[in-house]
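All remarks here apply to the structure that follows.
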Amino acid sequence: MHIADGILPPAWCVAGHALALGGVALLGRRVEPAEVARMGMMSAAGFVVSMLHFPLLGTSVHLGLMGFTGVLLGGRAFPVIYTTLLFQALLFQHGGLLALGVNALNMGLGALAAIVLWRAPGLPEVVRGGLAGFAGTYLPALLLVAEFQAAGYGKGFAAIAAVYLAVAVIEGALTATAVTFVRQAKPALLEGR
Amino acid sequence: MNAPIAVVAGCRWTGVESRAKIVGLMGAAVAVAAGQGVVVVGVQLALAGAWVAAGGLPLRWVLLRCALVTPFAAMMAALLAFERAPDYAPALVVLGKAYGSVLLLGMLAAATPVPELVAGLERLRAPAVLVATASFTYRYGQLLEEEWGRMDRARVSRGGRGAGWGDWGPRLGVLLVRSWDRSERVASAMIARGFAGRLPGGEGRRWGLGDYCFAAGGLVMAMPLGWEVWLVAGRG
């Protein structure tokens, strides 16, 4: 799901950077020192989990924890995801540097959608957790497919959306069980304390 | 987290000041990603290859880095080639830019330890929230890996085999709760020592001629791009 450099038109990448940095500035302002440690922890969790690859439907995929990050950090998830992607681009070349803004927007919007679903009233917590995990993965995949189609890569890439549907279901189930565990073991984490 | 991002032994660019490396190589990577024509991207790829060779990075390292991006870049190039046949130039450009970018950013990682990279970003006045989060990401990445390893060893010692799908959620929850507690202790200790949200990157040493030349590498990589822009403007 990480777009490499040279794939999208440079003008899109520049616009993506401008929007992503705007998002970082807006959602990363007035961060308390204690918050930085939590943000770094979730960024590291995303980083470590992304290194655990597993085969699925003939391709290799990894979890991203965008939804779980949104559940635990709220809007602070956006700068956290930007930092994780910057690290992945610089150290592992997962995703390009020029494409970093678009990648951060795709995945950051996934986390923001997860926050909205997590805070939706009237649903049991396990369902909200599952929906948040699902949306955190599947919205970025849909945005990716739309971007590639608009950039002239044809409709062949839409097949990837099917693979990511399976990943999103797994991520949703995992987030639901993780949220249930955290509710029992350390509920303060889910209440932003 | 340590093994894949270790500085490559024998790399000649490790002594270059971190800001010069960040400015030179990030600038060069952006210039490569912005190229449009086959000739321009080909020249930039050749320049990137020469830069890597001058740094003394082994061929095996180059092949491994290129292998990282090949599945994605090759798939995108194939889709483009299929969509725009018989014009295969866009597909070649995509491949060239992906490999050029990977070589340049890979060289930055191969020549710069992570703490130095983060300090360099801080000295370049990158946003404080990004620098501090990046610094904690590095520190906690090691912590989480250790914790994950401990949990794996405990599971095996209890007679458990490979973790099934159903185990992943609780395992992630346990990992997070334990690591969160440790991160809180680390944060409390840092705040007690005066941490106020910004990690000092230090002044860094004064740049020598070699540092200026390295940073100018980004400009050299942008020259073919300038030539391309000039040609397009001439046609217009």
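Below, chains carry the letters A, B, ... as their sequence lines are ordered, and counting in each starts from 1. As the structure is a computational prediction, the values presented were derived from the model and not from experiment.
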Between B/V69 and chain A, with a heavy-atom cut-off of 4.5 Å, which part of the residue counts as in contact: side chain, backbone, both or neither? side chain

Name the region of A/A99, side chain, backbone, both or neither, that has any atom closer than 4.5 Å to a heavy atom of chain B. neither

Give, as side chain, backbone, both or neither, the part of A/L8 having an atom under 4.5 angstrom from any heavy atom of chain B. neither

Is there a side-chain contact between A/F148 and B/M76 in this structure, where contact means two heavy atoms from C-beta onward sitting under 4.5 Å apart? yes

The interface call for B/M26 against chain A, heavy-atom contacts under 4.5 Å, is both

Decide yes or no for B/L176 and A/L72: does some side-chain heavy atom of the first lie under 4.5 Å from some side-chain heavy atom of the second? yes

B/V129 and A/V24, any side-chain heavy atoms less than 4.5 Å apart: yes

Exercise: identify the closest heavy-atom pair between B/A132 and A/V36: CB-CG1, 3.4 Å

How many angstroms lie between CG in B/L121 and CG in A/L86, if you round to the nearest 0.5 Å? 6.5 Å

Could you go through the side chain to side chain contact (heavy atoms under 4.5 Å, CB included) check for A/L90 and B/L108 one step at a time? CA-CA 7 Å; A/L90 289 179; B/L108 178 60; 3.8 Å; yes

Do the non-hydrogen side-chain atoms of B/V177 and A/V182 ever get within less than 4.5 Å of each other? yes

Could you pull out the closest heavy-atom pair between A/A44 and B/G141, with the gap in Å? CB-N, 3.4 Å

Kindly compute the distance separating CD1 (A/I81) from OG1 (B/T133), expressed to the nearest 0.5 Å. 12.0 Å

Of all the heavy-atom pairs spanning B/S183 and A/A37, show the shortest one and how long it is. O-CB, 4.1 Å

Determine, step by step, whether B/W180 and A/M41 satisfy the side chain to side chain contact (heavy atoms under 4.5 Å, CB included) criterion, reporting the C-alpha distance in whole Å, the side-chain angles of both residues, the deciding distance to 0.1 Å, and the verdict. CA-CA 7 Å; B/W180 197 283; A/M41 230 287 295; 3.7 Å; yes

From NE2 (A/H94) to CZ (B/F72), nearest 0.5 Å: 12.0 Å

Most chain A-contacting option - heavy-atom pairs closer than 4.5 Å, from B/A73, B/P90, B/S101, B/P71: B/S101

Measuring from B/M75:CE to A/I7:CD1, what's the distance to the nearest 0.5 Å? 8.5 Å

Output for pair (A/T83 OG1, B/L130 CG), nearest 0.5 Å, gives 4.5 Å

At a heavy-atom distance under 4.5 Å, which candidate from B/I22, B/V93, B/L144, B/V41 has the highest pair count against chain A? B/L144

